[in-house]
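Encoded as structure tokens, the structure appears first; notes follow it.
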Amino acid sequence: MAKNADAIEARLRALKWIGAKESIVELAPAGEGNMNRTLRANLGSRSIVLKQSVPFVAKYPDIPAPLERASVEAAFYAAASTSDVVSRRMPQLLGYDDENRLLCFEDLGAAQDFTSLYAAIEADDIHADLISLIDWLGALHALDIDGAFANNAMRELNHQHIFVVPLLADNGVAIESELTPLYESFTHDEALGAHAQRLGAIYLGTASHDSRPVLLHGDFYPGSWLNHRTEGAMVIDPEFGFKGAPEFDVGVFTAHLTMCGYRQSAITTLLENYHAPDGFDSRLASGFAGMEVIRRIFGVAQLPLSADVETQAEWLNTARTSVVASGAYD
Ligand SMILES: Nc1ncnc2c1ncn2[C@@H]1O[C@H](COP(=O)(O)OP(=O)(O)OP(=O)(O)O)[C@@H](O)[C@H]1O
Ligand SMILES: [Mg+2]
């Protein structure tokens, strides 16, 4: 897409996403991203963000990736637009071109995401943002959604990375040498494996859960939050969204707070701001949180963590306990 600004400009004009007199002054990457081609188009008096999905991971073209993620993202924005609380913390979707799997967004500016939180937590500084985010999540989970919102191909991809690869012996992932004994014990732990499998089945929708199925963001972590200059935390990138157990989003959220240095007591207090759907099971959420911690240390998608290995080993042991305590296994 970046190579052909003239063709993009013509397409944007044909789609009426830009006016007849507008033209692209500059086209540059919108920010860090792996999966898709994401560009900022400077139009002189305004700018827009374009996001295109291709049938592979944009940064690693050898790795296939489901093409329909763009249409899922567009459908998510349409659902979000039915709620003020949800839509005001997201950029506006200005258009979707199904033929080119191309999304067009309001530009939130050169806002940083929140991944710097793994390096140094300034708990007071971000408390208000975290309250906004958990409030947003509760409003999302309260939406009344038509249709299945299955997103099966993306779910299957994520299922491998969250529930399978991290507990696979010799998974080929580079792991801190001090953590290798723990990794090896996890791969041989039958109870952990069985519970991970059950959580994975709930994630895929092949096992039941008591909570009401709701629309999930699907990737609710600091890389999906942008720190807007005036509005604070904004939410982007719902391409892994689907209708499923609300405990998954909450679990991922809390796992990342742990990896940002938050204590469990602070997380519990923060979660008092979450409006949980009927039947919400906090043990199930803790189980998903445990899997997210395990996969971010023993899996492929690792994070710029600053915590020492002793701390990471503590998180891992707590994660293991939470997974095994996450519900009945039969
Ligand atoms: N509406 C927007 N306004 C401003 N910047 C944006 C906007 N959308 C995306 N960006 C920038 O582009 C980056 C990549 O966007 P996004 O996360 O949606 O793409 P992605 O390909 O799904 O990334 P990843 O592979 O990390 O999931 C964001 O981190 C952000 O810096
Ligand atoms: Mg993404």
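For ligands, and for the atoms within them, numbers begin at 1 and follow the listed sequence.
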*Sort and list the pairs that fulfil side chain to side chain donor-acceptor pair (under 3.5 Å) and have at least one residue in residues 157-166, not counting sequence neighbours.*
N158-Y203
_R13/E22 ion pair, N-O < 4.0 Å_ = no
_Short N-O contact, K51 and D237, less than 4.0 angstrom_ =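 A salt bridge links K51 with D237.
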Do me a favour and list the nearest non-hydrogen protein atom to [atom] with residue, atom name and distance?
atom                    : result
atom 15 (O) of ligand 1 : T38 CG2, 3.9 Å
atom 30 (C) of ligand 1 : L226 CD2, 3.9 Å
atom 31 (O) of ligand 1 : G31 CA, 3.5 Å
atom 17 (O) of ligand 1 : D237 OD2, 3.3 Å
atom 8 (N) of ligand 1  : V49 CG1, 3.8 Å
atom 23 (O) of ligand 1 : G33 CA, 3.5 Å
atom 16 (P) of ligand 1 : K51 NZ, 3.7 Å
atom 13 (C) of ligand 1 : E32 O, 3.1 Å

So, does [X] sit close enough to ligand 1 that a heavy atom of it is under 4.0 Å from the ligand?
X    : value
R40  : yes
D113 : no
G109 : yes

*Quick one: does ligand 1 sit under 4.0 Å from the side chain of A30, the backbone, both or neither, non-hydrogen atoms only?*
both
*asked:* Residue-level breakdown please: for E106 versus ligand 1, do any non-hydrogen atoms fall below 4.0 Å on the side chain, on the backbone, on both, or on neither?
replied: backbone
*Trace of the side-chain contact (heavy atoms from CB on, under 4.5 Å) decision for F186 with L316*: CA-CA 9 Å; F186 276 27; L316 286 162; 4.1 Å; yes
Element-labelled atoms of ligand 1 that are located less than 4.0 Å from some non-hydrogen atom of [X]:
X    : value
P91  : 1 (N)
E239 : 22 (O), 27 (O)
D107 : 3 (N), 4 (C)
F105 : 1 (N)

Do any N/O atoms on [X] end up under 3.5 angstrom from N/O atoms on ligand 1?
X    : value
Y221 : no
M35  : yes
L108 : yes
E73  : no

*Return yes when at least one N/O/S atom of E239 is nearer than 2.8 Å to the Mg ion (ligand 2), and no when none is.*
yes
*Please name the atom of D237, restricted to N, O or S, that is closest to the Mg ion (ligand 2).*
OD2
*Would you check, one step at a time, whether the test side-chain contact (heavy atoms from CB on, under 4.5 Å) holds for E247 with F280?*
CA-CA 7 Å; E247 292 89 347; F280 186 87; 3.7 Å; yes
_Contact check, side chains of V235 and H217, non-hydrogen atoms, under 4.5 Å_ = yes
*Kindly say whether V49 contributes a backbone atom to a donor-acceptor pair with the side chain of D107 at under 3.5 angstrom?*
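It does not hold such a pair.
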*Any donor-acceptor N/O pair, S87 side chain to S83 backbone, under 3.5 Å*: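 Side chain of S87 to backbone of S83, a donor-acceptor pair under 3.5 Å: yes, one is there.
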_Would R40 and F105 count as a cation-pi pair here, with the cationic atom under 6.0 angstrom from the ring centre and within 45° of the axis?_
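Relative to the ring axis of F105, which defines the angle, R40 lies outside at least one limit.
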*May I have the step-by-step check of side-chain contact (heavy atoms from CB on, under 4.5 Å) for C104 and Y96, ending in yes or no?*
CA-CA 6 Å; C104 178; Y96 173 58; over 6 Å; no
_For H256 together with F220, are the ring centres under 6.0 Å from each other?_
no
*Determine the sole option in E73, E239, K59 for which the side chain to side chain donor-acceptor pair (under 3.5 Å) test with N36 is passed.*
E239
*Could you label the plane-to-plane angle of the F163 and F248 rings as parallel, tilted or perpendicular, counting under 30° as parallel and over 60° as perpendicular?*
tilted
